[in-house]
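Input: a single structure, listed below in structure tokens.
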Amino acid sequence: MSAWPTSSATVSTLLTLSDITTASASFDPDSSEYETPLLQLLSEARSKGYDSISLPLTTEKWKARWAEMCLLKPGSDRDKEIGAEQKAERWRSRPGFSMDEVTLTRLDEAEGLTVIISDWLELDATDDWVRHDAEIALQQELAYASYLNIHSAILPAPRNRDHVASYARIINSCLKNTPYIHLSVRLPIYNPSVLHPPASASSSPLPGTKIPNFINSTPSTPGSEKFSVAPESQLDATWEMWDLIRSICDYNTRLTLTLDLSPPLPTTIGVLSKWAAESVRSILLPASTFIANGKGYPVLPKTTQSFIRECMIHYPNVILSGVSAGMHSRGGETAYKQYVHHLEKTSPAVQAAERTGTVENFAQGYQDYLQAPLQPLMDNLQSVTYNTFEQDPVKYRHYEEAMYRALIEWTGEDRIVFCIAGAGRGPLVARCLRAIERSGREAFVYAVEKNPNAYVTLQDRKKREWGNKVQLLFGDMRFLDIPECVDILVSELLGSFGDNELSPECLDGAMRFLKPKGISIPSSYTAHLAPLSSSKLFNEARAAKDPKNLETPYVVMFQAVNILSGDGGGLSGKCGPQIQECWEFVHPRTDPVLDDRGLPMTNSHNVRSAKLKFYIPHAGVLHGLAGYFEAILYGNVGLSIHPHRKDQISKDMLSWFPLFFPFKEALYLPSNSELQVSIWRLTNERQVWYEWHAESFLSSPIVQPAESPGASSIPTSPSGPVFSPLIDADDPLIGQKGQVFNAAAPVYETVKIGQTSLHNPGGRSSWIGL
């Protein structure tokens with residue numbers, strides 16, 4: 001998997017109409033090796049090392065003609081109005097350009113370009129006719145771009161929140177009418193109405209328009225990033241517009257985002273994290289966004305640096321504009337491009353992907369890729385699957401350490417008997433023999449395996465490596481009998497959610513092998529959940545058009561995702577930590593009801609359920625649930641894929657990616673809302689399955705008289721992080737303790753605002769076979 005080719009961000013330059021006009025004016029066809037001034041300009045830009053080029057599709061003459069036809073000027077006489085309307089009607093019936101209204105006329109000019117659609121088109125204008133004519137103009141521009149075989153176009157930014165639905169409807173229509181072109185919606189992080197106040201009549205090129213510029217001509221200076229910060233409702237407004245647009249467009253995979261970083265970014269990282277879960281294709285980075293460092297070179301404010309580093313997981317196209325204008329005293333145009341590459345190289349996500357031995361490097365090419373979980377009881381694994389999991393040195397090192405500690409702490413008889421339940425191709429057997437050698441104890445190993453193909457490999461290893469130290473037993477651990485009871489039972493049956501590969505059911509049968517005071521490795525494991533947003537995973541789950549896909553848990557190496565929950569009790573004080581524990585399984589069980597064979601009479605003891613309440617600090621869309629597990633092997637030796645604890649417990653473990661429980665319907669969650677998740681692990685005599693459901697709530701304070709008698713403190717659930725038994729609870733990396741609410745705290749009432757359907761009832765779409 002590590003041999004998968006790595007990707008990287010690209011850096012583009014934005015050519016302006018002024019650049020094109022200047023090139024045309026200085027072009028000498030007799031002395032130039034190029035046939036057109038644009039070809040020469042594009043060649044010069046590529047010679048500077050840019051990966052691609054963006055430029056406007058149309059000229060000022062097109063804007064002037066459209067305005068003359070479609071916008072009535074105040075005080076114009078009736079004859080002129082009739083003449084303009086006749087021109088407009090002829091254009092509406094047969095939209096088209098004249099040659100001087102476009103910047104490109106040839107296929108060789110358009111090759112590899114991203115075009116900027118006219119940013120003065122008001123697709124969300126208040127006036128119905130302006131919107132109507134803007135839609136026709138947009139369709140005309142996209143049709144011309146498609147004619148030139150252009151595959152990517154950046155759309156004008158939405159400006160009017162009241163008519164974003166109209167904007168989205170128009171984009172959806174364009175996606176259907178131009179099936180081969182990718183459209184990218186340009187959006188600033190802030191609410192455009194905050195960034196761009198209404199333009200005056202003298203400065204607005206079209207009446208009533210507010211046009212954001214791609215290039216801000218005002219140079220930045222050190223400290224210029226200190227702007228007034230908009231309240232979170234305004235910081236959420238742009239994302240909410242995007243959410244509406246992509247929802248109306250039904251999450252079309254050809255619709256992406258171009259994030260405009262012209263304005264300074266807010267310092268609240270939580271507000272920005274939601275963009276990591278979106279389909280960011282490009283980042284627009286004007287020279288005016290940069291500030292000068294102490295030596296005069298262009299650099300970015302720290303918040304913008306951090307945000308771009310996080311965005312590098314998308315391998316975006318970074319579009320630089322205005323970098324040849326000399327806004328900064330040192331470095332020239334090259335310095336901006338070099339700085340973007342520096343941000344990519346110092347991105348934690350990129351560094352992790354390039355570092356050998358990390359899970360990010362191991363999973364190259366599989367990020368955000370849905371994989372069906374294994375069916376270990378129903379299916380016999382292929383050798384290549386075993387080989388993949390055996391590449392994980394961390395897991396087996398921890399298993400060896402757990403067995404070693406169990407050996408040196410064993411107080412029973414001198415001869416210790418092991419059973420490796422589910423030996424596969426033998427990696428645990430080899431680690432067990434190494435632990436025995438390290439401990440100096442006398443021990444013997446039974447290796448049980450039901451896969452007849454893997455059993456051949458075990459026979460070969462016994463002959464070549466293990467000899468009479470190991471006895472092989474072929475069969476299903478649930479029904480097989482072994483020659484003697486064992487002291488230590490070792491298994492590696494865990495799944496991404498702990499129990500999702502039927503470890504509890506398998507070990508129920510294998511516990512017959514254990515002596516009364518025997519040890520199980522692992523001794524316990526827990527399942528954990530968090531609410532997740534990811535438009536990519538949502539689209540992937542919907543792609544097959546089969547309803548069952550949206551009721552199936554998937555193994556996924558998360559990348560472009562956003563965990564929606566935050567730590568803290570929420571307004572109601574009843575919410576838990578960001579990632580919450582669902583349930584636990586402990587081995588060996590001390591309270592089973594067994595039949596004559598020593599097996600459980602039913603599987604009802606392995607049924608579980610959980611009701612979890614999460615605080616949602618920032619607005620977002622719920623697309624699914626992220627599932628994790630944590631296991632105690634022996635003592636304080638464990639395994640974990642819990643995002644907050646994995647690096648402390650089993651850093652760089654490769655064997656497990658998280659589990660993704662998708663939702664059929666995207667559920668919008670406003671800021672400061674609460675999400676209640678219910679999940680069940682259910683079973684019958686043939687299979688095990690999960691069902692899941694979510695409800696959303698808002699809390700508002702109840703106004704009470706100040707002299708209300710008998711006031712008492714409000715009981716609350718613990719809201720701080722839940723500590724792992726594998727980590728010292730005082731570890732400062734874990735987080736703050738739970739909040740305490742006193743008698744003076746306000747009382748809140750909770751109002752339900754939404755819910756999902758019940759997913760996978762009765763295991764109708766997905767299950768694990770017994």
Side-chain angles (χ1 to χ4, degrees), residues 1-14 46 48-54 112-115 150-154 181-187 189 242 246 251-261 265 269 272-285 289 300 304-321 323 336-356 358-370 533-540 543 556-562 657:
M1 294 172 71
S2 58
W4 193 279
T6 57
S7 301
S8 61
T10 57
V11 181
S12 304
T13 184
L14 174 65
R46 292 188 177 104
K48 296 176 182 178
Y50 290 109
D51 299 297
S52 59
I53 299 170
S54 302
L113 295 184
T114 295
V115 295
I150 290 169
H151 298 292
S152 182
I154 296 177
I181 195 166
H182 285 78
L183 304 182
S184 193
V185 177
R186 178 185 165 207
L187 279 174
I189 296 295
W242 162 247
R246 56 99 178 267
Y251 284 79
N252 193 301
T253 55
R254 291 188 293 113
L255 182 67
T256 60
L257 264 172
T258 292
L259 288 180
D260 185 350
L261 300 192
L265 297 185
I269 298 299
L272 299 176
S273 62
K274 67 186 69 179
W275 296 104
E278 305 299 346
S279 51
V280 178
R281 185 182 183 92
S282 301
I283 295 175
L284 181 64
L285 202 56
T289 305
L300 289 169
T304 308
Q305 290 179 38
S306 299
F307 181 70
I308 291 179
R309 286 190 177 104
E310 291 297 319
C311 286
M312 289 299 176
I313 63 172
H314 295 283
Y315 306 119
N317 176 32
V318 179
I319 304 174
L320 296 174
S321 67
V323 293
Y336 300 92
K337 180 162 58 70
Q338 292 174 339
Y339 187 77
V340 171
H341 286 307
H342 163 72
L343 293 180
E344 181 182 21
K345 290 179 181 178
T346 55
S347 165
V350 173
Q351 290 178 332
E354 293 178 347
R355 190 165 58 247
T356 302
T358 64
V359 66
E360 291 83 1
N361 178 267
F362 178 73
Q364 282 294 310
Y366 286 85
Q367 293 93 339
D368 295 332
Y369 175 77
L370 302 182
S533 179
S534 172
S535 58
K536 187 176 191 300
L537 293 181
F538 184 61
N539 258 338
E540 290 286 332
V556 182
M557 172 57 181
F558 293 143
Q559 186 181 64
V561 303
N562 179 34
F657 298 157

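The minimum heavy-atom distance between Lys536 and Asp368, with the atom names listed, is NZ-O, 3.4 Å. Nearest heavy atom pair, residue Tyr315 against residue Gln364, reads OH-OE1, 4.3 Å. Summarising the geometry of Val11 relative to Val340, their closest heavy-atom pair is CG2-CG1, 3.8 Å, with the distance given to 0.1 Å. Residue Leu537 comes nearest to Leu370 through the heavy atom pair CD2-CD2, 3.8 Å, listed as atom of the first residue, atom of the second, then distance. Scanning all heavy atoms of the two residues, the minimum distance from Asn361 to Arg355 falls at CB-O, 3.2 Å.
With a 4.5 Å cut-off on side-chain heavy atoms, Asn317 and Ser52 count as touching. Counting heavy atoms from C-beta on, the side chains of Phe307 and Cys311 come closer than 4.5 Å. Leu300 is listed as a side-chain neighbour of Leu343, based on a closest heavy-atom distance under 4.5 Å. Between Ile308 and Met312, some side-chain heavy-atom pair lies under the 4.5 Å cut-off. Considering only heavy atoms from C-beta on, Ser8 comes within 4.5 Å of Glu344 through its side chain.
Ring pair Tyr366/Tyr369 is perpendicular by interplanar angle, where above 60° counts as perpendicular and below 30° as parallel.
Atom OH in Tyr339 sits 3.0 Å away from atom CD in Gln305 (nearest 0.5 Å). Here the straight-line distance linking atom CZ of Arg186 with atom OG of Ser184 works out to 11.0 Å at 0.5 Å rounding.
The main-chain N or O of Ala277 is found under 3.5 Å from a side-chain atom of Ser535 such that the two form a donor-acceptor pair.
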